[in-house]
Amino acid sequence: MIEARHLRVLRAVAATGSFSAAARELGCTQPAVSQQMKALETSAGTPLLIRTGREMRLTQAGEALVRHAAGILAGLTAAEEEVAAIAGLRAGRVRLVSFPSGSSTLVPTALAALRAAHPGTRVSLVEAEPPRSVEMLREGDCDVALAFRYGTNATEWDDLVVRPLLADRLVGLVPEGHRLAEAGAVAIAELAGESWIAGCPRCRRQLVDVCENAGFTPRIDFATDDYPAVVGLVSAGLGVAVLPGLAIESVRPRGARTVAVEPAVEREIVALTLPDLAQVPAVAATLDQLSLAATRA
């Protein structure tokens with residue numbers, strides 16, 4: 001019989017390429033990893049790894065098992081949490097991953113309300129931008145992913161439970177004293193000749209698309225995933241930027257002015273989870289609190 005703990009070890013070995021690296025990641029010893037892999041191969045009835053020098057390579061059977069492991073482990077987590085709730089333990093664990101501007105705006109409000117309503121529920125938080133955050137969810141490395149997308153892709157998240165939260169409009173940011181600093185709204189084409197400071201890779205691609213639709217290609221002189229850095233560069237007069245509204249909320253734009261940008265461009269903010277995990281009370285409560293936090297944003 002294949003055990004969940006053996007699957008976790010197999011995934012770690014596949015991800016790191018060696019028993020010793022997997023042991024470091026899992027916080028155990030190399031002999032323990034080796035012993036559990038032997039037990040898993042015995043249960044499977046076939047070799048799962050090929051040892052090539054210091055590295056491990058998956059056999060075809062090993063690749064198949066790793067491919068199914070995320071779903072198996074997610075289903076097991078869902079079963080354990082649901083049973084715990086039914087048994088009246090009033091406990092739960094949620095692993096949340098969020099993009100930075102969501103972490104500083106929606107997440108604190110949601111988690112404070114969750115803790116007040118369900119003090120026994122533990123929530124951990126790590127940061128990642130989509131699509132990496134969505135990959136983490138599919139790989140079983142988190143339970144809820146706060147993510148965003150521009151436009152709509154009908155099949156992008158077909159395998160996931162999608163909880164829409166809000167539409168986050170892009171906002172222009174120019175230095176104080178800029179010719180458009182006092183404008184209530186500006187057409188994106190009015191910024192065609194400016195130096196640009198771009199944000200995360202997905203936002204960067206969206207910026208280029210919006211500008212090209214307006215008839216020009218932006219000259220991006222600086223690019224950074226750090227929103228305070230974007231604001232600092234704009235405030236220093238080194239260029240202009242277009243940032244999501246949540247990013248502006250999370251940073252005090254000293255030395256810079258915000259302006260509405262036309263045509264309006266929005267990104268869709270959503271909370272994602274796996275179908276099995278959506279039935280877990282702690283995960284469902286987290287989704288509910290994120291929805292409530294979004295209504296106050």
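Numbers here simply count residues along the sequence, with the first being 1.
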CG on Leu292 to CG on Leu165, rounded to 0.5 Å: 10.5 Å
Are the side chains of Leu7 and His68 in touch, meaning some heavy atoms are under 4.5 Å apart? no
Going through the checks in order, is the side-chain hydrogen bond (donor to acceptor under 3.5 Å, both in side chains) test met by Ser101 and Ser250? CA-CA 6 Å; Ser101 58; Ser250 66; 5.8 Å; no
Does atom CZ of Arg57 have more than 12 heavy-atom neighbours from other groups under 6.0 Å away? no
For the atom pair CE (Met37) and OG1 (Thr42), what is the distance rounded to the nearest 0.5 Å? 10.0 Å
From Glu266 CD over to Leu166 CG, what is the distance, rounded to the nearest 0.5 angstrom? 9.5 Å
Does a sphere of radius 6.0 Å around CZ in Arg122 hold more than 12 heavy atoms from other residues, nucleotides or ligands, not counting ones at 6.0 Å or beyond? no
To check you understand the geometry: which heavy-atom pair defines the closest contact between Ser133 and Cys142, and what is its length? O-SG, 4.3 Å
Between Thr273 and Ala278 the two heavy atoms that sit nearest each other are CG2-CB, 3.8 Å
Walk me through it: do Gln36 and Arg5 pass the test side-chain contact (heavy atoms from CB on, under 4.5 Å)? CA-CA 8 Å; Gln36 291 195 50; Arg5 62 193 178 100; 3.7 Å; yes
Taking Arg95 for its side chain and Gly140 for its backbone only, find out whether a donor-acceptor pair lies under 3.5 Å. yes
Which heavy-atom pair separates Leu96 from Leu146 by the least distance, and what is that distance? CD1-N, 4.5 Å
Is there side-chain contact between Val261 and Leu170, with at least one heavy-atom pair below 4.5 Å? no
Under the side-chain contact (heavy atoms from CB on, under 4.5 Å) criterion, do Leu290 and Arg163 qualify, and how do the steps go? CA-CA 9 Å; Leu290 285 170; Arg163 177 75 68 91; over 6 Å; no
When you check the gap from the basic side-chain N to the acidic O, do Arg149 and Glu156 get nearer than 4.0 Å? yes
Minimum heavy-atom distance Val230-Ala241, with the two atoms named: CG1-CB, 3.7 Å
Side-chain contact test, heavy atoms from C-beta onward, threshold under 4.5 Å: evaluate it for Val144 versus Leu272 and give yes or no. no
Over 12 foreign heavy atoms within 6.0 Å of CZ, Arg254: no
Side-chain touch Glu3/Ser43, heavy atoms, less than 4.5 angstrom: no
Thr286 OG1 to Leu111 CG distance, which is reported to the nearest 0.5 Å: 7.0 Å
Minimum side-chain heavy-atom gap Leu10-Leu58 below 4.5 Å: yes
With a 4.0 Å cut-off, would you call Arg11 and Glu25 a salt bridge? no
Do any N or O atoms from the side chain of Asp168 and from the backbone of Gly245 form a donor-acceptor pair under 3.5 angstrom? yes
With the side chain counted from C-beta on, respond yes when Val280 and Thr77 share a heavy-atom pair under 4.5 Å apart, and no when they do not. no
Under the criterion salt bridge (Lys or Arg N to Asp or Glu O under 4.0 Å), I'd like the reasoning laid out for Arg179 against Glu190: C-alpha separation, chi angles, the key distance, then a yes or no. CA-CA 10 Å; Arg179 59 188 173 84; Glu190 294 183 68; 5.0 Å; no
Verify the cluster assignment for Val283 and Leu76: are they in a single hydrophobic cluster under the rule of side-chain heavy atoms below 4.5 Å apart? no
Any heavy-atom pair between the side chains of Val240 and Pro175 that's under 4.5 Å? yes
Run the salt-bridge test on Glu262 and Arg169 with the 4.0 Å N-O cut-off and return the result as yes or no. yes
Main-chain N/O of Leu49 paired with Glu41 side-chain donor or acceptor, under 3.5 Å: yes
Just wondering, more than 12 heavy atoms not from Gln35 lying within 6.0 Å of its CD? no
Say whether Tyr227 and Ile197 are linked into one hydrophobic cluster, either directly or through other cluster members, by side-chain heavy-atom distances under 4.5 angstrom. yes
Would you kindly confirm whether Leu173 and Trp196 end up in one hydrophobic cluster when ILVMFWY residues are joined by side chain heavy atoms under 4.5 Å apart? no
Is any side-chain heavy atom of Pro263 less than 4.5 Å from a side-chain heavy atom of Ile188? yes
Indicate yes or no for a side-chain donor-acceptor contact from Arg202 to the backbone of Phe148 under 3.5 Å, with no hydrogens or angles considered. yes
Start with the C-alpha distance between Leu48 and Thr46, add both sets of side-chain angles, then the distance that settles side-chain contact (heavy atoms from CB on, under 4.5 Å), and finish with yes or no. CA-CA 6 Å; Leu48 301 174; Thr46 185; 4.3 Å; yes
So, Ser103 versus Glu127: side-chain donor-acceptor pair below 3.5 Å or not? yes
Given side-chain contact (heavy atoms from CB on, under 4.5 Å), test Leu40 with Leu65 step by step and report yes or no. CA-CA 10 Å; Leu40 180 57; Leu65 201 51; 4.1 Å; yes
Shortest non-hydrogen contact from Val97 to Met136? CG2-SD, 4.0 Å
Give the minimum heavy-atom separation between Tyr150 and Pro244, together with the two atoms involved. OH-CG, 4.2 Å
Nearest-0.5 Å distance that lies between atom CD1 in Ile269 and atom CG in Leu106: 7.0 Å
Assess the side chains of Ser195 and Arg219: does a donor N or O sit below 3.5 Å from an acceptor N or O? yes
Using the rule that Ile, Leu, Val, Met, Phe, Trp and Tyr join whenever any side-chain heavy atoms are under 4.5 Å apart, tell me whether Val94 and Val134 fall into a single cluster. yes
Hey, what do you get for CG (Asp209) to CD (Gln206), rounding to the nearest 0.5 Å? 5.5 Å
Is it true that Leu191 and Val265 fall in one hydrophobic cluster, defined by side-chain heavy atoms closer than 4.5 Å? yes
